[in-house]
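Notes follow once the structure below has been shown.
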Amino acid sequence: MKSNSPTVRILVIAVLVLLSIAYLMPIYVMVITSLKSLEEVNRANYLVPSTNPQWSNYVEVLLGSPSFRSQMMPRLLNSTIISVSVTALAAFFGSLGGYYLSRSRTLIARLLFILIGIALYLPYQVVIIPLSILMSRTGMNQSYGGLIFSYLILNVPLASVLMGTFFLGIPRELEEAAHVDGASRVQTFFRIIAPISMPAYASVAIIIFTQVWNEFFLALTLATRNTQTVQVVMAEAKGTTLVLYNLQMAAALVAIALPMLLFLFLGRYFVRGILAGALKG
Amino acid sequence: MFKALQAAYPDIEVAENPNPGGGGVNQRVVLQSRIAAGDYPDTFQTLGGAELKNYVDSGVLEPLDDLWTELDYASVIPGPLANAVTIDGHPYVVPLNMHIQNILYYNMAVFDELSIEPPTTFAELLAACEAITTARTDMVCLGLGSKEKWGDAFVFDSILLENGGPEYYVNLFKGGVDLSTDEVYRTSLEQFQQLVPYINTDHSSLTWDQAVGLVGSGGAAMTLMGTWAIGAFTKGSNWEPGVDFGAVTFPQSPERILLFHPDAYGMTVQAPHPEATMDWLRVVATPELQIPTDVTQGGLFARTDIDPMEFPYPIRQELQTYVSENPDKLILDQHGSILPAAAQPAYWDIISAFLVEPDVDSAVEATASLMDTFGVAEESAWYSWP
Amino acid sequence: MHVHASLPDFGCKKSSAEVDKAMAVIDTKTQEKKLAVSAQRQERRQSITDILIFLVPLLFFVILLYGTLFWTVYVSFTNWRTIAPNYELTGFRWYNFLINQPRFEVDIVNNLKWLILGVVPTVVIAIFLAYFLELTPFPKVEAYIRTLILYPVAMSFIVTGTVWSWMYEPQRGVINTALRSIGIDSGFRFATNPGTATYWLILIFIWQYLGFSVIITQSSFRTTELQELIEAATMDGASRLRTLFSVIIPNIRAGLLVLVSLLLISTLKVFDIVFIVTNGGPGISTDVLALNMWVTTFQQHLVSAGAGIGVIIFLMAFILVIPYTIYAFRKWFE
């Protein structure tokens, strides 16, 4: 469908310029601000780069200081642990459930599908208090376990639908052949189906990872000092004390770095993942 | 803050509760979820007033009568402060400071240049604004940050206080004023409306500290904010109190009243470590803790027997001295409030909506209806002043 | 079951060897049958175990999820109005309270604005942009634009919100400063103008979700049938625009339906952008249901009322999602 007409060429330039401004400006502002001192943030306008770039802001944010008491480093670790665990477990359990949904025609499967379809759109504010009650009653709220478990509740249904969509596209002949050879369903799944579904796993992984990494309110409610995630830390600068915008932007860039990097390298899987869920489902 | 605890009781370990936002709204979310879940911390920071009453009504805090008698705390803190943390005759927390709400900070250079005295009444404020905006077209008179919505209520409070006096102020927030016939409320709203041209038009997108920054960058001449703004000036704009900016409490007529709220700690009923918590509370009441904490955090000392000269600058030295000599001039403010916690955000909505679109009649009506819906008369009955 | 002893005596005098042989054959047959039956049972047991392995984790989490929903519905009918839980039922009291809240009316209007203006422009722009990307003869440009508009997905709302409030600040904000520097003294008040603030907030939403929408739309273009149809149309001499409207759009209905549903739900749940950029202000002009729920539950401590708002949000989402769920259901189980 490629077209070489002059109209298109002009449009290309126009669109390029427009979109670049719209999407690069915010990043530019973030980077600029992260290198300023607090006075400069308050005094000068947001477009002007700092006259004295404070690279130390990043050090301060990563290692902490009297004015920025929560260092990012341990929080980066926390966020990573939590996000990776949830991603791995959700992908795993989700693929199991998705496989069931894609192969079974029983009433249970149909019912489950409908229930999940609706629950995907549950606003998460609805679940904060009941989840924290649940976490507290089971004693899980003092560890990573509580957060991980809560995120699983929210993400396994999503993962199952995404994986299930992919499995729908795998012809049943594969499983039938394996069955004839005497393999059980479980063996078939793990030895045959899963390995060829790696792209699907990758897509689901990226989607869930970014969602969990970016999630704030649940993390805020269920985190203890030791298990705080990077998002919670960034919000720490707000409240009735002074907001250190320069440090907050530095922290923000640090917090974005990981998903962005993942995104740049595995971005095409994200895209494929959305496609799979979007079209077949 | 915890250094004092370490000094007095070196064997107690402090597991700091997650406290993002320095006691702001975020912390309350966490706290509420945990309490709803039955997972009580040993202690937590609260603001006194209606916020405290909420916890007391929910049966979350232990009464601290014995502790107060042991420390004889009531005799070293101002009466109204003790009242603010005493519900139905029992104190429930140990306050460690007082934050004063109604302080008018002003740009000293501009005031000197135009030979204006810092205003202490509404009329003076208007006059000053007139003078400033005529002389300096680049500067807005009153810097306001209303994004968190209570900023507007601060300004309105001061106007109410001047027009009605302290008894009226207290009575209003106790739901005792018949708004359909009351003149003071109306007049105050009208005066608030007169102030609008002198306030920065982008106030709804600024937080309180950005408004302070506005003054510090020369965009505004004054701002009405609490004692915590001092830190914002020094750290955020590198301004020195008494040199770059001055402060007066506002208004000072009919009498000089300070609107305040305390920070305080209590003990929960299901505290896992009651002994250690009690020790902590004892430390909170001591000068050893209050001096370093309050000096850095920006409030006044709760104890009146601490030397005001512990503060580095005259602004708070003066305030502390005033409080010691006139302890009954303290009334609860918008944060540790008289209004019940359920009514407060709704009240702030009314005031901030008014500021954006001034309609005196509908604001009066809305406030009257608010008093009704939230049963203010009943819920605020616990508070008495002086 | 072992066929035992007494074979009826037919009076045939078979030799005992032959009888033994016959017995042996019968024995083998029953052995086989026995094996077959027990193998069947084992298989059934095995497939039940299999099914459970696949089903149970998912079922477990879905039940928990619905548990929280039912809890919320229940609480919305109780009288929980302070920090401590109160599970005593009081009927519709708090729903009544909500309806009379001045904020609530504003919320409904705002949420409707979000629903319509968050979805329609996004989809329209996405379609045009996706088509444009298809037409672009420069592959590098296509890749660049795709990455460019997709990165906001990796940004959390605090960051997006904070940066955009700086973009929008009337005096010192990025947009107005930039405009001023090229000579335009823009009087835009963006999010501080109560009449238009919501629209500027919606713009942020569109900015953030455009990339996602373009990807979905573009992928819908890539089916082989559609490609053939486009070939045919171009050969017939149809203009590019004509092709877009007559050929492409009718045939990507599936993808569009998905996109629209996803966007509808996201706008309904919107909280973060409003919370950070305007906090419902100026006044209450940009308040939305989700923000209302936040304030009601955590600042006013009226947990039952907050739960009620949650139920209302969920019901709205439920109604909006039904068409898509039915469509998806049919597709899935056909």
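We name chains A, B, ... by the order of the sequence lines, and we start the count at 1 in each one.
- At a threshold of 4.0 Å, the pair C/R189-B/D202 does not count as salt-bridged, since none of the basic side-chain nitrogens sits closer than that to a carboxylate oxygen.
- For C/Y95, the OH atom counts as densely surrounded, since its 6.0 Å shell holds more than 12 non-hydrogen atoms of other residues, nucleotides or ligands.
- Only the side chain of B/L206 comes within contact range of chain C, with heavy atoms under 4.5 Å apart.
- No hydrogens or angles considered: nothing links the side chains of C/T192 and B/S204 as a donor-acceptor pair under 3.5 Å.
- A salt bridge is absent between C/E169 and B/K147: the closest approach of a Lys/Arg side-chain nitrogen to an acidic carboxylate oxygen does not fall below 4.0 angstrom.
- Annotation: maximal heavy-atom pairing with chain C below 4.5 Å, among B/S369, B/P340, B/A366, B/P345, occurs at B/P345.
- With a 4.5 angstrom heavy-atom cutoff, B/A346 touches chain C via backbone and side-chain atoms both.
- Separation of atoms CD1 (C/I284) and NZ (B/K149) is listed at 7.0 Å; rounding is to 0.5 Å.
- When heavy atoms are compared at a cutoff of 4.5 Å, C/V277 approaches chain B solely by way of its backbone atoms N, CA, C and O.
- Heavy atoms only, all atoms of each residue included: C/Q300 and B/F374 are closest at NE2-CZ, 3.7 Å.
- At most 12 non-hydrogen atoms from other residues, nucleotides or ligands lie less than 6.0 angstrom from CZ of C/F318.
- Residue C/F190 does not touch chain B at all, counting heavy-atom pairs closer than 4.5 Å.
- At most 12 non-hydrogen atoms from other residues, nucleotides or ligands lie less than 6.0 angstrom from CD of B/E357.
- Ranked by heavy-atom pairs under 4.5 Å with chain C, the first of B/G59, B/A343, B/S352, B/A353 is B/S352.
- Within 6.0 Å of the OH atom in C/Y66, the count of heavy atoms belonging to other residues, nucleotides or ligands exceeds 12.
- Note: C/I83 CD1 to B/E51 CD = 6.0 Å, rounded to the nearest 0.5 Å.
- At a 4.5 Å heavy-atom cutoff, the contact between C/T278 and chain B is made by backbone atoms alone.
- Within a 6.0 Å sphere centred on CG of B/D138, other residues, nucleotides and ligands contribute more than 12 heavy atoms.
- Classification of the C/H301-B/Y55 ring pair by plane angle, with boundaries at 30° and 60°, yields tilted.
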Step by step, would you call B/T373 with C/Q101 a side-chain contact (heavy atoms from CB on, under 4.5 Å)? CA-CA 10 Å; B/T373 319; C/Q101 243 190 356; over 6 Å; no
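- Heavy atoms of other residues, nucleotides or ligands lying less than 6.0 angstrom from OH of C/Y74 number more than 12.
- Only the side chain of C/P85 comes within less than 4.5 Å of a heavy atom of chain B; its backbone N, CA, C and O stay farther away.
- The line from OG of B/S146 to CG of C/N279 is 9.5 Å long, rounded to the nearest 0.5 Å.
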